[in-house]
Amino acid sequence: METIALFNQKGGVGKTTGAVNIAAGLVRQGRRVLLVDLDPQANATVSLGIDSNGSEKTTFELLDGKITPADAIRDRGGLSVIPSGLQLAAAELRFSGVPGREILLRDALEPVGDFDYIFIDCPPSLGLLTLNGLAAATGVYIPIATEYLSLQGINQLMETVELVRRRINKGLTVRGVFGTFYDNRKVLNRDVMDRIRERFGATAFNTAIRNNIALAEAPGRGQHIFEYSPASHGAADFADLCNEIISREGA
Ligand code: ADP
Ligand code: MG
């Protein structure tokens with residue numbers, strides 16, 4: 001089992017889109033996948049058409065030790081999802097004085113059932129929730145928007161991974177990096193991809209996720225890309241990315 005945190009402290013780089021569609025793509029390939037929504041904005045939850053309003057079986061209660069993963073998991077067409085809700089916005093405050101506050105998610109996921117992959121959709125910050133995501137993970141996937149000079153935040157991001165590795169999660173490694181909002185016609189986009197490959201070598205995926213309107217529309221329908229527009233570039237790119245992930249299994 002691999003537990004992968006989608007991590008980049010920048011917002012709008014494609015973490016949630018990646019988490020949802022990689023998870024859905026791997027389910028299509030027969031993998032058992034759990035998606036944990038660790039963002040108080042609940043974008044992944046809503047993207048999949050899951051209504052967690054008023055629910056007391058969300059990531060927050062899981063972190064709080066009130067429920068087990070089995071209590072929280074919703075089945076979304078074969079994909080297991082632990083939804084988030086607004087109450088998670090209170091997490092920093094609620095848990096800041098709790099001993100072991102960085103490993104609440106790791107502990108809570110301990111009894112989780114048999115999955116091939118767990119994906120954790122982290123919020124766009126370096127706060128306590130993201131730390132919990134990194135502490136619970138065996139690896140990190142970093143989505144990087146190729147449409148602007150977004151490599152600036154990468155040093156800080158790598159320092160955070162390194163700190164977490166040293167202090168709370170010895171095994172943590174960057175397992176994948178992929179470009180998003182990619183447009184092959186744009187020199188800047190190609191340059192950013194080149195720099196990603198230079199910097200990350202074989203850790204970088206060959207597949208970049210192209211800028212694709214269907215990927216932006218699907219969440220509004222509560223559907224992942226393979227449901228909303230299976231013939232889109234977005235679906236093709238996420239299928240390719242999933243094939244790369246599968247080809248790395250056991251490596
Ligand atoms: P993050 O989780 O890092 O904040 P999101 O995955 O929510 O980023 O993406 C930000 C916005 O961009 C969302 O509205 C999403 O639908 C849209 N989006 C993400 N990836 C793409 C893409 N490849 N092409 C077009 N729109 C995208
Ligand atoms: Mg997000």
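Residue numbers start at 1 and run along the sequence shown. Counting starts at 1 for both ligands and their atoms, in listed order.
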Inset, instruction - Using non-hydrogen atoms of the residue, decide whether G14 is closer than 4.0 angstrom to ligand 1. - result: yes
Legend entry - Min heavy-atom dist N43 to ligand 1 below 4.0 Å: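 No, N43 has no heavy atom closer than 4.0 Å to ligand 1.
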Above 12 or not: heavy atoms from other molecules or residues under 6.0 Å from [atom1] of [X]?
{"X": "R197", "atom1": "CZ", "value": "yes"}
{"X": "R248", "atom1": "CZ", "value": "yes"}
{"X": "E244", "atom1": "CD", "value": "yes"}

Find all atoms of ligand 1 within a distance of less than 4.0 Å from any non-hydrogen atom belonging to [X], and give their numbers and elements.
{"X": "I209", "result": "23 (N)"}
{"X": "G11", "result": "4 (O)"}
{"X": "V13", "result": "1 (P), 3 (O), 8 (O)"}

Would you mind checking which non-hydrogen protein atom is closest to [atom], with the distance to 0.1 Å?
{"atom": "atom 10 (C) of ligand 1", "value": "G12 CA, 3.7 Å"}
{"atom": "atom 13 (C) of ligand 1", "value": "T17 OG1, 4.7 Å"}
{"atom": "atom 7 (O) of ligand 1", "value": "T16 CB, 3.9 Å"}
{"atom": "atom 16 (O) of ligand 1", "value": "A216 CA, 3.4 Å"}
{"atom": "atom 27 (C) of ligand 1", "value": "F181 CE2, 3.3 Å"}

Write down the atom of [X], the atom of [Y], and the distance for their closest heavy-atom approach.
{"X": "V174", "Y": "T203", "answer": "O-CG2, 3.5 Å"}
{"X": "P143", "Y": "F7", "answer": "CD-O, 3.6 Å"}
{"X": "D64", "Y": "K66", "answer": "OD2-NZ, 3.0 Å"}

Inset, instruction - Using a strict cut-off of less than 4.0 Å between a Lys/Arg side-chain nitrogen and an Asp/Glu carboxylate oxygen, indicate whether R165 and E162 qualify as a salt bridge. - result: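 Counted as a salt bridge, because a side-chain N and a carboxylate O are separated by less than 4.0 Å.
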Inset, instruction - For atom 20 (N) of ligand 1, decide whether some protein heavy-atom distance is shorter than 4.0 Å. - result: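 Given the 4.0 Å cut-off, atom 20 (N) of ligand 1 counts as touching protein heavy atoms.
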Legend entry - Distance, nearest 0.5 Å, that separates NZ of K15 from SG of C122: 8.5 Å
Inset, instruction - Supply the atom-to-atom distance F60 CZ to I67 CD1, rounded to the nearest 0.5 angstrom. - result: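 Here the interatomic distance stands at 10.5 Å.
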Inset, instruction - Apply salt bridge (charged side-chain N to carboxylate O under 4.0 Å, His left out) to E217 and list each qualifying residue two or more places apart in sequence or on a separate chain. - result: none
Legend entry - N, O or S atom of Q41 closer to the Mg ion (ligand 2) than 2.8 Å: no
Inset, instruction - Would you tell me which option among N212, V20, L215 has the nearest heavy-atom contact to atom 25 (C) of ligand 1? - result: N212
Inset, instruction - Out of K15, R210, Q9, Q41, indicate the one that has the non-hydrogen atom closest to atom 3 (O) of ligand 1. - result: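 The nearest heavy atom belongs to K15.
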Inset, instruction - Indicate yes or no: does an N/O atom of I213 lie under 3.5 Å from an N/O atom of ligand 1? - result: no
